[in-house]
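Report on the structure given below.
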Amino acid sequence: MLYSRYFIPTVKETPSDAEVISHQLMLRAGMIRKLASGIYNYLPLGLRSIRKFENIVREEMDKAGAIEMLMPTVQPAELWQESGRWAFYGKELLRFKDRKEAEFCLGPTHEEVITDMVRREIKSYRQMPINFYQIQGKFRDEIRPRFGLMRGREFIMKDAYSFDVDSAAADFSYEKMYNAYMRIFDRCGLNFRAVEADTGSIGGSFSHEFMVLADSGEDAIVSCDSCRYAANVEKAESPLFTASSDTISEPLQKVSTPEMKTIVDVAAFLDVESAKTIKTLVYASDTGELVMALLRGDHELNELKLKNHLGWGEILMATEEQIFSCTGSPIGFLGPIGLKMDIPVIADQVVQGMMHVVLGANEKDQHFINASVGRDFEVTRFVDIRTVTAGDACPRCESGKLEMWRGIEVGHVFKLGTKYSKALNATYLDPNGKEQIIFMGCYGIGIGRTVAAAIEQNHDENGIIFPIPIAPFHCSVVAVNTKDSGVMAAAEEIYLKLESVGIEVLFDDRDERPGVKFKDNDLIGIPLRIVVGSKGLAEGKVELNIRSSGEVLSVVVDDVVTMVKQLVDAALVHNM
RNA sequence: CGGUGAGUAGCGCAGCCUGGUAGCGCACCUGCCUUGGGAGCAGGGGGUCGCUGGUUCGAUUCCAGUCUCACCGACCA
């Protein structure tokens, strides 16, 4: 490819609305341009990287036995009504009507469409297992699109759906996809973790997220330093608690704590550790149900865990009025003793066995000391509702401690079970001629998001440092002085030779000063760069720059093509 | 949807408080010059100052409304 004939509109200045580094660099490198909030044009260079990654995904999907197809973006409302998600999905589902007033939506995901196809076409146990995938544009009307391709409203996704005769077979399909995902992200050279995750609005019985580690990641994850346990913090379990053996001796006592509204204030004021206090929170469901949650003072609530325990559709911090109605107290002095209303009291498992602790007295400026569970107040249920922190003991092994990371979710695999097949009545006949429900799994990879995540993980002050497997070009050839015919001829020869051995090369033949070319080449992240200048040529040499290491090699002209070919082939090898 | 901030040339910004010919850097066009890390000189083009209304002789500037965008929370590949 001739740079002068191609289209790479780089910019020097960072656009003011780009916050994270990958967004800034993709904009500056001329890979993407914004059309509307969360909606982007993929410019030629950006598309090349996207396609590179798609092909890796495609190869691994095919290898894992999945079959490619393509479903439409526009989907009829009826299917969504049938699965129940038309009402459930909310505003993220972009809905509209056609000229006949029939309702449609833009597909945010394709469980309904694929299940509809399968229910019509798969009739026998002999046709399974089967797994369909597509690489296609999705639309989700996100509340807050941000970070460029990281969270767009329209985005490219690989989604796969597996269909099996029973739960055990579905587990096997799940594992195949899990392994394919491991290979995919490995091949891109990404530093990532597969973590246990909540199933969210897709539903189903269990799931793993694939997280690229990056400080700018929107998710917090933990992993054990000695076993393989890793989970999204939303999901991460606290280790089982063993009850303390303190005996109850001191009587409950009310004390004045003027203006001490936070645990930190109260603990300091009464001179106790915050671990010897109980934090009381009140939550409300969207239908107005209330619940009280108790945690050890130095712990944080995991709202998702509480929500899942309660089986609520939504969980909200209770309003001051709601809190007053059930406790009779202003915020800051809440506790489980002397409630005005009979509401469930859910306590974290660690609260079990907490003796002689400090907690709110449901009265302005008053707390209790020496409060003890069981003697002074009752708890409806003890469950794990706290957020784990770095250094916690691992819930799965004896000796491990949890480490905490930030991650970008680039892939997610779900075991769906029969959620959609039941709703849409997707059944098959087993060997006995008996009708059975199909078991499903679904598996997604954010294509643009992965490319963005790769940039997030691979860049320096000069720009992107693409891993070779997803770089838009493997190599560039920079002619230092385009007016020098000897330089141009030598550069062109190298360029053509590289192309002939299958290297994707960008020939920077622009009539620009060398500095401009070097800056642009660095910015757009070309992994290898050959610089052809008159000084080097006089000795029969050119320069080979390796973007990732910063190495600069002086290479004999005749050897450079072979060297580049070797470097590229080595990076593309995947012996799995 | 709630909280914060911003809309002035393709990009990054100043001007507005105190109303009176709309500016700077980069980019772009022409010429000269230059060629190993975003050169230099000279000349040039490009704006209904987000939109609507009000106040005023006169509004980018003051007032009201409205739209859009970005950032912080819930959603998610």
Side-chain angles (χ1 to χ4, degrees), chain A residues 9-20 23-24 27-28 30 33-34 36-39 53 57 89-93 108-110 135-160 181 197-202 207 209-212 218-219 232 234 286 303-304 307 314-317 407-414 442-453 462-463 478-484 487-488 510-523 529 531-537 542-543 545 552:
Chain A
T10 57
V11 287
K12 274 194 243 179
E13 268 159 315
T14 303
S16 60
D17 56 358
E19 191 72 6
V20 299
H23 187 199
Q24 293 173 359
L27 250 11
R28 289 226 289 135
R33 287 290 184 264
K34 187 171 73 177
S37 177
I39 301 178
F53 182 55
V57 171
Y89 215 94
K91 287 198 175 173
E92 237 176 76
L93 186 63
T109 174
H110 284 65
I135 295 176
Q136 185 250 14
K138 299 276 183 279
F139 193 94
R140 292 182 190 171
D141 201 357
E142 294 275 350
I143 300 164
R144 190 152 82 80
R146 58 182 149 174
F147 302 159
L149 295 195
M150 210 78 98
R151 181 184 297 286
R153 290 196 292 171
E154 184 179 302
F155 58 98
I156 302 170
M157 177 167 157
K158 187 285 303 181
D159 44 329
Y181 276 36
D198 188 67
T199 51
S201 69
I202 303 284
S207 80
E209 288 169 338
F210 290 78
M211 295 283 191
V212 170
E218 295 183 86
D219 290 276
N232 193 307
E234 289 181 343
D286 45 348
E303 288 188 11
L304 193 72
K307 182 182 131 177
E314 213 170 325
I315 190 160
L316 307 157
M317 295 280 299
I408 299 164
E409 184 190 352
V410 290
H412 203 158
V413 292
F414 296 86
C442 75
Y443 318 93
I445 291 179
I447 301 289
R449 186 124 119 192
T450 305
V451 173
N462 292 317
V478 174
V480 171
N481 185 347
T482 48
K483 296 279 190 319
D484 183 325
V487 166
M488 279 304 275
R510 294 175 298 167
D511 184 19
E512 289 285 356
R513 297 166 59 85
V516 174
K517 297 186 180 186
F518 295 148
K519 288 287 184 194
D520 276 338
N521 276 268
D522 284 348
L523 177 60
R529 184 179 75 209
V531 180
V532 183
S534 50
K535 284 177 224 157
L537 273 187
V542 292
E543 195 178 283
N545 291 251
V552 181

message: Side chains of A:Lys138 and A:Asp159, heavy atoms from C-beta outward: is any pair under 4.5 Å?
response: yes
query: Contact class for A:Thr450 vs. all strands (heavy atom < 4.0 Å): base, sugar-phosphate, or nothing?
result: nothing
message: Regarding A:Glu303, tell me which of base, sugar-phosphate or nothing describes its non-hydrogen contacts under 4.0 Å with the strands shown.
response: nothing
query: To the nearest angstrom, how far is A:Phe210 atom CZ from B:rA77 atom P?
result: 13 Å
A:Thr109 side chain reached by A:Arg140 side chain, heavy atoms, under 4.5 Å: yes
- prompt: B:rC1 P sits how many Å from A:Arg144 CZ, rounded?
  reply: 15 Å
task: Give a yes/no answer on whether the side chain of A:Lys34 brings an N or O atom under 4.0 Å of OP1 or OP2 in B:rA70.
output: yes
- request: Looking at every strand, decide which applies to A:Val480 at a 4.0 Å heavy-atom threshold: base, sugar-phosphate, or nothing.
  value: base
query: Which part of the nucleic acid does A:Gly463 contact within heavy-atom distance under 4.0 Å: base, sugar-phosphate only, or nothing?
result: nothing
task: For A:Arg529, report the nucleic acid contact type (base, sugar-phosphate, nothing); a contact means any heavy atom under 4.0 Å.
output: base
field: Heavy-atom check, side chain of A:Lys34 versus side chain of A:Asp17, under 4.5 Å
entry: yes
query: What does A:Asn462 touch in the nucleic acid at a heavy-atom separation under 4.0 angstrom: a base, only the sugar-phosphate, or nothing?
result: nothing
message: Under the criterion of centre distance below 5.5 Å and interplanar angle below 30°, is A:Phe518 classified as stacked on the base of B:rG38?
response: no
field: Polar side-chain contact A:Arg146-B:rC71 base: donor and acceptor under 3.5 Å
entry: no
- prompt: Side chain of A:Pro15: nearest nucleotide among B:rG12, B:rG36, B:rA39?
  reply: B:rG12
field: Pairing partner (Watson-Crick or G-U wobble, both distances under 3.5 angstrom) of B:rA6
entry: B:rU68
- prompt: Taking atom C1' in both B:rG36 and B:rU48, what distance in whole Å separates the two?
  reply: 47 Å
message: I'd like to know if A:Glu142 pairs up with A:Arg151 as an ion pair, taking the criterion as any Lys NZ or Arg NE/NH1/NH2 lying under 4.0 Å from an Asp or Glu carboxylate oxygen.
response: yes
statement: Atom NE2 of A:His412 and atom P of B:rC75 are separated, to the nearest Å, by 13 Å
- prompt: Between the side chain of A:Tyr89 and the main-chain N/O of A:Pro108, is any donor-acceptor distance below 3.5 Å?
  reply: no
- prompt: Taking atom P of B:rC11 as reference, at what distance in whole Å does atom CG of A:Asp17 sit?
  reply: 10 Å
- request: Return the value, rounded to whole Å, for the distance between atom CD of A:Gln24 and atom C1' of B:rA70.
  value: 13 Å
- prompt: At what distance, to the nearest 0.5 angstrom, does CD of A:Glu209 lie from NE2 of A:His412?
  reply: 4.5 Å
message: Counting only side-chain heavy atoms from C-beta out, which of B:rG37, B:rC69, B:rC75 sits nearest to A:Ser37?
response: B:rC69
query: For atom C1', what is the distance between B:rG53 and B:rG10, given to the nearest Å?
result: 31 Å
- request: Using the P atom as the reference point in each nucleotide, state the distance between B:rG25 and B:rA9 in Å, no decimals.
  value: 16 Å
- prompt: Considering only the P atoms, how many Å lie between B:rU21 and B:rC16, rounded to the nearest integer?
  reply: 14 Å
query: What is the nucleic acid contact for A:Gly515, judged by heavy atoms within less than 4.0 Å: base, sugar-phosphate only, or nothing?
result: sugar-phosphate
query: Heavy atoms under 4.0 Å, any strand shown: does A:Lys483 hit a base, just sugar-phosphate, or nothing?
result: base
query: Expressed as a whole number of Å, how far does the P atom of B:rC28 sit from that of B:rU55?
result: 46 Å
- prompt: Quick one: on RNA chain B, does A:Ile156 or A:Ser16 contact a more 5' nucleotide (nearest heavy atom)?
  reply: A:Ser16
task: Write down the atom of A:Gly38, the atom of A:Pro145, and the distance for their closest heavy-atom approach.
output: CA-CB, 3.7 Å
query: Closest nucleotide of RNA chain B for A:Gly533 versus for A:Glu209: which of these residues is on the 5' side?
result: A:Gly533
message: Under 4.0 Å between a side-chain nitrogen and a carboxylate oxygen: does that hold for A:Glu512 and A:Lys519?
response: no
- request: Select base, sugar-phosphate, or nothing to describe what A:Asp522 touches, counting heavy atoms under 4.0 Å on all strands.
  value: base
task: May I ask you to say what A:Val531 touches in the nucleic acid, namely base, sugar-phosphate or nothing, with a heavy-atom cut-off under 4.0 Å?
output: base
- prompt: Whole-Å distance between B:rU35 P and A:Arg513 CZ?
  reply: 8 Å
- prompt: So what does A:Asp219 hit on the nucleic acid, given a heavy-atom distance under 4.0 Å: a base, only sugar-phosphate, or nothing?
  reply: base
message: Under 4.0 Å, counting only non-hydrogen atoms across every strand here, what does A:Gly411 touch: a base, just sugar-phosphate, or nothing?
response: sugar-phosphate
- prompt: Taking atom P in both B:rA22 and B:rU68, what distance in whole Å separates the two?
  reply: 30 Å
message: If I pick the P atom on B:rG40 and the same atom on B:rC49, what distance separates them, to the nearest angstrom?
response: 33 Å
- request: Counting heavy atoms from C-beta on, name the nucleotide in B:rA27, B:rC76, B:rC71 closest to the side chain of A:Lys12.
  value: B:rA27
Pairwise P distance for B:rC13 and B:rA70, with rounding to whole Å: 15 Å
query: For the side chain of A:Glu13, counting heavy atoms from C-beta on, which of B:rG37, B:rG25, B:rC76 is nearest?
result: B:rG25
task: Using whole Å, report how far CZ of A:Arg28 lies from P of B:rC26.
output: 17 Å
- line: A:Asp484 CG to B:rG36 P, in whole Å, measures 11 Å
